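Here the structure comes first, spelled out in structure tokens, and everything after it is commentary.
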Amino acid sequence: MTLVSPLAACQSTPAASDTPDEGGVVAFVDDTSEGGDSALLEGTLALDSGCLTVVSTLDGSRVLPVFRQAAVAWDGTTLQVDGGSYVVGDTISLSGGYSPQPVSAAYVPADCEFDQAFHVAT
């Protein structure tokens, strides 16, 4: 299992062409937002209802990860975040903070269904 740490020494910046934008499957906040890093989200990366979610290993809930736009890339099949690459069905671990709704998100896919949001620390 890979733990995505906000303190990783070698962070790569996603290619501009793969940076998520409105109309895609990745929820994001603008580049100036910062998430907390006291919680851990572990689960399976899923693509359903037009958005990327994580099915929690803790309780099976669908969690919407909200990434900082400049720190994540999606090329249609692979999610790249903090030096790791993940495809649907992979186990993923993210640090950040939970919230009932993605209150500070700049973009959330329109038909996205989830139980709670998770603002990813990067």
Side-chain angles (χ1 to χ4, degrees):
M1 189 176 324
T2 303
L3 176 62
V4 176
S5 169
L7 303 175
C10 297
Q11 293 185 11
S12 60
T13 302
S17 62
D18 292 337
T19 302
D21 56 9
E22 292 186 24
V25 299
V26 177
F28 60 83
V29 294
D30 67 34
D31 295 336
T32 60
S33 298
E34 295 180 17
D37 62 359
S38 61
L40 179 65
L41 169 61
E42 295 181 314
T44 304
L45 189 63
L47 178 61
D48 57 346
S49 301
C51 66
L52 281 178
T53 59
V54 175
V55 179
S56 171
T57 57
L58 183 63
D59 61 6
S61 64
R62 285 187 296 180
V63 181
L64 175 70
V66 180
F67 298 95
R68 195 169 57 82
Q69 187 176 21
V72 66
W74 173 254
D75 67 5
T77 59
T78 304
L79 177 72
Q80 295 178 345
V81 61
D82 203 18
S85 294
Y86 308 90
V87 295
V88 171
D90 282 354
T91 298
I92 189 168
S93 295
L94 302 165
S95 60
Y98 286 94
S99 68
Q101 295 294 320
V103 292
S104 65
Y107 169 75
V108 174
D111 295 327
C112 191
E113 295 181 17
F114 57 93
D115 299 308
Q116 58 186 326
F118 186 85
H119 291 266
V120 178
T122 52

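This structure is a prediction, so every number in the text was calculated from the model and none was measured. Here, residue 1 is the first one in the sequence, and each next residue gets the next number.
- Here the OG-CG distance, from S85 to L79, works out to 8.0 Å after rounding to the nearest 0.5 Å.
- Taken to the nearest 0.5 Å, the CG atom of L52 stands 9.0 Å off from the CG atom of L64.
- Within 6.0 Å of atom CG in D59, more than 12 heavy atoms from other residues, nucleotides or ligands are found, so the atom counts as buried in its surroundings.
- Closest approach of P65 and L94 over heavy atoms only: CB-CD1, 4.1 Å.
- In this structure a side-chain-to-backbone donor-acceptor pair under 3.5 Å is missing from D115 to V63.
- For the residue pair Y107 and V26, the shortest heavy atom distance occurs at CD2-O, 3.4 Å.
- Between atom CG of residue D82 and atom OG of residue S93 there is a gap of 12.0 Å, rounded to the nearest 0.5 Å.
- With rounding to the nearest 0.5 Å, the separation of CG in L40 from OH in Y98 is 7.0 Å.
- The two residues P102 and A117 come nearest to each other via the heavy atoms N-CB, 3.6 Å.
- The hydrophobic cluster containing V55 does not contain W74, counting ILVMFWY residues as joined when their side-chain heavy atoms lie under 4.5 angstrom apart, directly or transitively.
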Exercise for review: Could you give me the CA-CA distance, side-chain angles and deciding distance for V54 and F118, then say whether side-chain contact (heavy atoms from CB on, under 4.5 Å) is met?
Suggested key: CA-CA 10 Å; V54 175; F118 186 85; over 6 Å; no
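- Contact record, V66 with A105: CG1-CB, 4.0 Å, taken as the closest heavy-atom pair.
- Residue pairs meeting the disulfide (SG to SG under 2.5 Å) criterion with at least one partner in residues 48-94, sequence neighbours excluded, are C51-C112.
- Distance check, rounded to the nearest 0.5 Å: CG of L45 to OG1 of T91 gives 9.5 Å.
- When all heavy atoms of H119 and S104 are compared, the closest pair comes out as CE1-OG, 3.3 Å.
- Atom CD of Q116 sits about 12.0 Å away from atom CZ of R62, to the nearest 0.5 Å.
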